[in-house]
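Quick notes on the structure that follows.
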Amino acid sequence: MKHETLGRMFLQRIKESPNDIAIRHKNAGGTYVDVSWKQLGDRMERIASGLLTAIDDLPHHSKVAILGNTSNDWISCDFAALSISLQTVPVYATLLPSEVGYLHVDTGAVVAIVEDKAQLEKVREMRNGFTFFDKPYTADQVKLRHIVVMDPTGIDPADDWESLADLEKRGAEQLEATKPERDKRTQDLARDDIATYTYTSGTTGPPKGVIQTSGNMLAMLESVEECGVINAKMKDGGLFLFLPLAHSFGRLIELAGPYFNCPIVIAGIPTLKEDLIASQPGFFPSAPRVYEKFKARIESGVAGAPFIRKTLATWAINTGLKSVPYKLKNEPMPFMLQKQYNLADKLVFSKLRKGLGLERCSIMLSGSAPLSVEVHSFFLGMGFTLLEAYGLTETCPGLTSNLPGRMKLGTVGLAFPGVQIKIAEDGEILAKGGNITSGYLNREDATTEAFDDEGWFHTGDLGSMDSEGFVKITGRKKELMKTSGGKYIAPAKLEAYLKNLTIVQEAVTIADTRNFATALIAIDPEELAEWSKQTGNPADPNSAAVKAAVQAHVNETNQKLASYETIKYFEIVPPMTVEDGLLTASLKVKRKVVYARYADLIDGMYQRKKK
């Protein structure tokens with residue numbers, strides 16, 4: 001379906017499907033409840049009216065920052081703002097005050113809608129001035145004029161904020177008075193107008209604000225519809241959304257709700273397991289780490305099961321893996337294998353799918369990081385349609401995807417309809433398409449660097465494309481490490497292998513200008529506790545047993561690598577988190593910060609060789 005703008009798409013969905021479910025979220029008691037499009041539409045009107053009366057003569061296309069975790073309130077505010085030509089700036093709930101400040105200064109946001117007291121304090125702090133990447137910003141550079149708080153629990157009354165409930169109340173009182181202006185702003189919107197600014201991770205410098213128009217977002221949704229990655233079969237279960245809405249992947253799912261008339265099922269990361277079982281979604285998107293944890297949980301359950309159940313489950317999993325080559329080729333299985341698979345599905349896989357809460361999930365989508373072939377095969381064998389996709393914030397967010405009935409393990413699939421892909425002479429993946437940004441806010445230098453004279457967007461990723469058009473990612477161009485012997489190493493490949501060990505939370509490779517590769521390996525406390533139960537070893541990351549398990553995995557990994565890529569030494573380090581400054585809000589490693597934090601440990605590994 002062709003829409004002109006996101007705002008008008010929302011309003012058309014409300015008009016055409018008033019009684020259908022728009023959002024499924026948990027109430028105060030933790031029970032899932034449904035919000036219809038009519039109910040959401042009425043609330044959007046109140047919020048839009050409240051925003052227009054929050055600031056006198058609020059200019060068209062003013063920026064509204066939204067700080068908080070994924071929620072019904074977040075989506076309602078986002079849709080309301082976009083429907084009246086305001087531009088939204090999604091902000092990760094995990095950002096520090098200085099990071100929040102930088103996004104406000106860079107965009108010139110005049111309204112901030114924050115989740116709770118903790119987010120309000122960040123805004124208050126940055127409003128007085130801050131320093132970011134060694135550059136000071138004064139209070140005068142922060143253009144913020146109004147703050148709205150979704151959940152005001154524990155906040156003392158003050159004149160620098162109002163609650164979302166109060167804004168909605170005022171909006172309801174002014175509905176008739178604001179209607180002409182709301183209607184005018186909705187109709188004045190055009191497909192090429194900027195809708196939102198989504199920021200990159202900022203692993204090496206200040207994050208870049210990616211300009212995303214209604215047209216960019218709608219082009220992505222139109223491509224997804226054409227290739228069937230999201231479809232009508234998912235309507236009963238809905239689209240599961242636990243990803244942050246400051247992440248382009250999460251934002252796509254949010255906007256897919258009104259586009260496909262599928263309920264947006266809101267969930268939380270801490271309650272992911274319970275939310276899946278309670279909601280039974282039809283579509284599940286996630287980063288690979290979640291699939292790795294699902295696999296580890298299943299394998300842990302099998303390992304701890306009584307002998308007969310363990311034997312049956314092991315047989316079923318092996319049978320499932322034997323079925324994968326036939327599924328990939330869309331060929332019928334041999335007669336006996338099909339019989340065995342049907343039995344495995346009845347006795348084991350159906351129960352596992354139900355236990356995960358994914359019994360009616362027709363498609364699972366993996367993106368934002370490489371998905372290992374081992375994990376991918378595991379879920380295909382269980383009867384899931386797990387698709388690996390690829391893209392960037394700048395592509396809103398997709399470029400390629402494996403498709404139902406057309407996939408190759410180890411690749412990120414085929415170009416989405418409307419997207420062109422080519423591989424440059426140096427191996428960089430280049431792209432064109434209506435979903436690709438026109439550039440970065442206030443960063444002409446970065447925009448010029450990202451696009452060549454022929455209009456190709458340079459992704460910064462290295463890869464290859466086979467004769468059928470399947471794309472394979474081999475690493476990041478700027479992250480390629482050159483050893484002192486002149487050999488190039490792609491750290492992403494090594495780190496993906498290392499993270500296949502379930503107790504490994506993060507792995508960071510060191511090789512640039514060095515004569516061999518080493519690694520820092522962070523252990524996942526939750527997985528370590530489970531591993532401890534299975535093996536009887538202490539849940540101590542520095543124990544001899546843990547180091548032996550990691551060493552065995554490193555040895556196995558090295559067998560898959562060229563000699564110059566092999567990891568000679570490793571060191572165990574504490575878990576890496578956003579809070580300790582080693583991960584970005586989108587959970588990407590800040591490589592330079594890690595190197596600086598563990599400089600002595602790294603040097604020690606290279607001194608070890610000299611002794």
Side-chain angles (χ1 to χ4, degrees), residues 10 13-14 17-44 46-47 66-80 93 113-119 149-155 163-169 172 230 233-245 250-251 253-258 260-286 290 293-294 297 350-364 526:
F10 304 148
R13 175 58 59 211
I14 292 162
S17 316
N19 298 317
D20 288 351
I21 301 166
I23 294 174
R24 184 168 289 146
H25 71 108
K26 290 186 290 186
N27 60 18
T31 301
Y32 270 102
V33 295
D34 293 338
V35 177
S36 70
W37 284 110
K38 172 67 166 61
Q39 291 170 318
L40 177 58
D42 290 346
R43 190 180 189 200
M44 284 168 55
R46 297 193 298 270
I47 294 172
I66 310 179
L67 295 76
N69 293 295
T70 300
S71 68
N72 179 30
D73 287 342
W74 205 112
I75 294 172
S76 300
C77 291
D78 187 36
F79 285 6
I113 303 175
V114 305
E115 181 177 3
D116 54 17
K117 182 178 180 180
Q119 302 300 332
V149 182
M150 300 177 194
D151 177 8
T153 302
I155 305 174
S163 69
L164 179 58
D166 285 344
L167 178 137
E168 288 189 58
K169 181 181 178 183
I230 299 177
K233 293 180 182 177
M234 302 163 183
K235 186 170 181 179
D236 288 344
L239 312 176
F240 197 78
L241 179 57
F242 72 98
L243 299 166
L245 287 165
R251 204 72 179 286
I253 308 309
E254 176 204 25
L255 297 174
F260 291 97
N261 191 21
C262 278
I264 304 166
V265 181
I266 299 173
I269 294 175
T271 56
L272 181 63
K273 178 182 176 182
E274 295 80 5
D275 293 346
L276 276 170
I277 292 171
S279 65
Q280 296 282 319
F283 177 79
F284 181 79
S286 177
V290 172
K293 284 182 173 288
F294 284 170
R297 190 200 309 170
S350 61
K351 295 177 174 61
L352 290 175
R353 292 194 295 267
K354 185 175 182 180
L356 288 172
L358 294 166
E359 193 174 17
R360 60 178 177 179
C361 182
S362 57
I363 286 182
M364 302 196 301
E526 291 182 13

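For reference, positions follow the sequence shown, starting with 1.
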Show, in sequence, the C-alpha distance, side-chain angles and deciding distance for Leu272 and Val290, and conclude whether the side-chain contact (heavy atoms from CB on, under 4.5 Å) test is met. CA-CA 10 Å; Leu272 181 63; Val290 172; 3.9 Å; yes
So does Lys38 have more than 12 non-hydrogen atoms from other groups sitting under 6.0 Å from NZ? no
Checking Gln119 side chain against Val114 main chain: does a donor-acceptor pair fall under 3.5 Å? no
Distance col, row Cys361:SG vs Ile363:CD1, nearest 0.5 angstrom, shows 8.0 Å
From CG (Leu356) to CD1 (Ile277), nearest 0.5 Å: 8.0 Å
Rounding to 0.5 Å, atoms CZ (Arg43) and SG (Cys77) come to a distance of 6.5 Å
Residue pair Leu241 / Ile75, side-chain heavy-atom distance below 4.5 Å: yes
Which pair of non-hydrogen atoms, one from Ser362 and one from Met234, has the smallest distance, and what is that distance? OG-CG, 3.4 Å
Could you tell me whether Asp42 and Arg46 have a side-chain N and a carboxylate O separated by less than 4.0 Å? no
Could you check if a side-chain atom of Pro281 sits within less than 4.5 angstrom of a side-chain atom of Leu276, using non-hydrogen atoms only? yes
Kindly compute the distance separating CD (Gln280) from CD (Glu359), expressed to the nearest 0.5 Å. 5.5 Å
Could you report the tightest heavy-atom contact between Ala93 and Gly68, atom names first, then the distance? CB-C, 3.8 Å
Exercise: identify the closest heavy-atom pair between Pro285 and Phe240: CD-O, 3.1 Å
At what distance, to the nearest 0.5 angstrom, does CD1 of Ile21 lie from CG of Asp236? 8.5 Å
Considering all heavy atoms, the nearest Ile264-Gly257 contact: CG1-CA, 3.8 Å
Any side-chain heavy atom of Met150 sitting closer than 4.5 Å to one from Asn69? no
Just by distance, no angles: are the side chains of Asp275 and Thr271 close enough, under 3.5 Å, to form a donor-acceptor pair? yes
Please step through side-chain contact (heavy atoms from CB on, under 4.5 Å) for the pair Phe284 and Ile253, ending with a clear verdict. CA-CA 10 Å; Phe284 181 79; Ile253 308 309; over 6 Å; no
Between Ser71 and Asp73, a side-chain donor and acceptor under 3.5 Å: no
Minimum heavy-atom distance between Trp74 and Glu254, given as atom pair plus value: CZ3-OE2, 4.0 Å
After noting the C-alpha distance and the side-chain angles of Ile266 and Arg24, does the key distance pass the side-chain contact (heavy atoms from CB on, under 4.5 Å) rule? CA-CA 6 Å; Ile266 299 173; Arg24 184 168 289 146; over 6 Å; no
Rounded to the nearest 0.5 Å, what separation is found between the CD1 atom of Ile230 and the CZ atom of Phe283? 4.0 Å
Which pair of heavy atoms, one from Asp116 and one from Ile155, lies closest together, and at what distance? C-CD1, 4.3 Å
Atom CD of residue position Glu526 - does it have more than 12 heavy atoms of other residues, nucleotides or ligands inside 6.0 Å? no
Take Lys235 and Asn261 through the side-chain contact (heavy atoms from CB on, under 4.5 Å) test and state the conclusion after the steps. CA-CA 7 Å; Lys235 186 170 181 179; Asn261 191 21; 3.1 Å; yes
